[in-house]
Each structure stands twice: as C-alpha cells, then as structure tokens.
Amino acid sequence: MSSAPNPEFLRRAIALATENVESGKGGPFAAVIVRDGNIVGEGANSVTSTNDPTAHGEVNAIRAACKALGTFTLSGCQLYTSCEPCPMCLAASYWARLDAIYYGCSADDASRAGFDDAFLYEEFRRQQPARSLPATQLLGEEAWASFAAWVASPNKIKY
C-alpha cells in the first residue's frame, strides 16, 4: 500500500532534471524511487551522453533501485518523476510493479518543450500492419522452443 505522496521527493527529481540539463549530461528528465520513506534509487536522462535511447530518467532510476534492493520487482515502492512518463517508462513502471507514480510536468508540457510522445501513443493504437515501423513474425514454431524450455524448466523464476 502506498503512503501519501511527499512533495520533497518530487523536488529531488526536479532538481536532478535541472542539474542534468545544466551539466550538459542529458535531457530535462529525472526520477527517484522511494520505499518506506527513503530514496532507494535515482536517475537522470542519459540518452545522449551514453548513446542509449532507453536511458530515460525513470528507467535509470528503476535500474538503480533494483540493483540497490537486489530484486527485479519494486512493489512497495513509488516513482517520483520530473515529467509524466513516456510510453516506454510507463511500461517499465508496470513491469517493475511500482505502487504509484507521482509526476511534475505533464506530457503536454513536455510537448511544448519539444518532447512529444503523442506519435507513440497513436502508433500503439494502430493495428500492426498500419504502424510506421514494420514488424513481421518469422520462425514462430522454431522460436517456441525457448518458451517450451521455460515452461519445462524447474529453475524458472516467475515475474
């Protein structure tokens, strides 16, 4: 169960985002992960400094929190982020099993600053053949071997 939001954690995310821009390390996005009233992970956008398009502030914070806690699930944790998460970061938040997300700027604010995720949301609403990035299934039956191994494995860790 999530506790009441604490604006100080969001202020920390905003400060990290501003510092990230001013230092030239990346874009104006940062996040902190909180558990039991303590920051357990934080991260800022490092897409351009690391040449990694997945290195968004939220993803970096999730990675840091998982490493610090020694787990791949962040249930019991909350995400405080300087801006409403993009589709990738929102999906990562669900995969991480976060309890709540608190954000500063909205997606509309991000769009005004030149970061527009509306295209992605539109793409996801389209049927696969109508999307601008072609995706074609190949070797489906052969690829099932990986899933068959997973289903049969006594060593799997469900997530």
Side-chain angles (χ1 to χ4, degrees), residues 1-128 130-135 146 150 156-159:
M1 183 98 186
S2 295
S3 58
N6 183 335
E8 291 308 310
F9 295 125
L10 187 53
R11 287 188 179 100
R12 173 65 180 155
I14 294 166
L16 286 169
T18 303
E19 176 186 313
N20 202 48
V21 172
E22 291 173 348
S23 70
K25 293 180 182 174
F29 305 97
V32 299
I33 306 287
V34 174
R35 173 180 257 166
D36 298 327
N38 297 300
I39 294 175
V40 294
E42 59 183 35
N45 177 286
S46 59
V47 169
T48 56
S49 63
T50 62
N51 294 319
D52 179 353
T54 68
H56 289 200
E58 296 92 336
V59 171
N60 287 340
I62 288 169
R63 290 173 178 159
C66 287
K67 183 175 183 179
L69 296 173
T71 183
F72 59 84
T73 181
L74 296 176
S75 57
C77 297
Q78 304 82 42
L79 170 70
Y80 289 82
T81 179
S82 61
C83 186
E84 185 176 358
C86 74
M88 177 184 69
C89 293
L90 183 59
S93 297
Y94 276 97
W95 281 119
R97 309 292 193 271
L98 289 163
D99 286 3
I101 299 171
Y102 304 105
Y103 60 91
C105 290
S106 69
D108 288 339
D109 294 329
S111 180
R112 283 194 341 231
F115 300 93
D116 195 355
D117 299 330
F119 165 76
L120 293 173
Y121 285 109
E122 281 299 315
E123 282 287 289
F124 296 155
R125 284 188 200 95
R126 296 173 192 232
Q127 293 297 315
Q128 179 57 52
R131 293 181 186 162
S132 64
L133 179 61
S146 301
W150 170 259
K156 66 179 164 245
I157 298 172
K158 293 184 179 182
Y159 56 95

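Start at 1 with the first residue, then count along the sequence.
Between the side chain of Asn20 and the main chain of Ala17, no donor-acceptor pair closer than 3.5 Å is present. Between the Ser46 side chain and the Ser49 main chain, no donor and acceptor come within less than 3.5 Å of each other.
Counting heavy atoms from C-beta on, the side chains of Arg97 and Thr73 come closer than 4.5 Å. Residues Ile157 and Phe72 are in side-chain contact: their nearest non-hydrogen atoms beyond the backbone lie under 4.5 Å apart. When side chains are defined from C-beta on, Ile33 counts as touching Leu98, because their heavy atoms get closer than 4.5 Å. Looking at heavy atoms from C-beta onward, Ile101 lies in side-chain contact with Pro85 at the 4.5 angstrom threshold. Side-chain contact between Tyr121 and Pro87 is present, with heavy atoms from C-beta onward closer than 4.5 Å. With contacts defined as side-chain heavy-atom distances shorter than 4.5 Å, the pair Asn60/Asn45 does not qualify. The shortest side-chain heavy-atom distance between Leu74 and Cys66 falls under the 4.5 Å cut-off.
When all heavy atoms are compared, the tightest approach of Glu42 to Ile39 is OE1-CG2, 4.0 Å. Heavy atoms only, all atoms of each residue included: Tyr80 and Pro5 are closest at OH-CA, 3.4 Å.
For the residue pair Glu58 and Ser93, no side-chain donor N or O sits within less than 3.5 Å of a side-chain acceptor on the partner.
Counting only residues at least two apart or on different chains, no salt bridge (Lys or Arg N to Asp or Glu O under 4.0 Å) pair has a member in residues 17-36.
Aromatic ring centres of Phe29 and Phe115 lie closer together than 6.0 Å.
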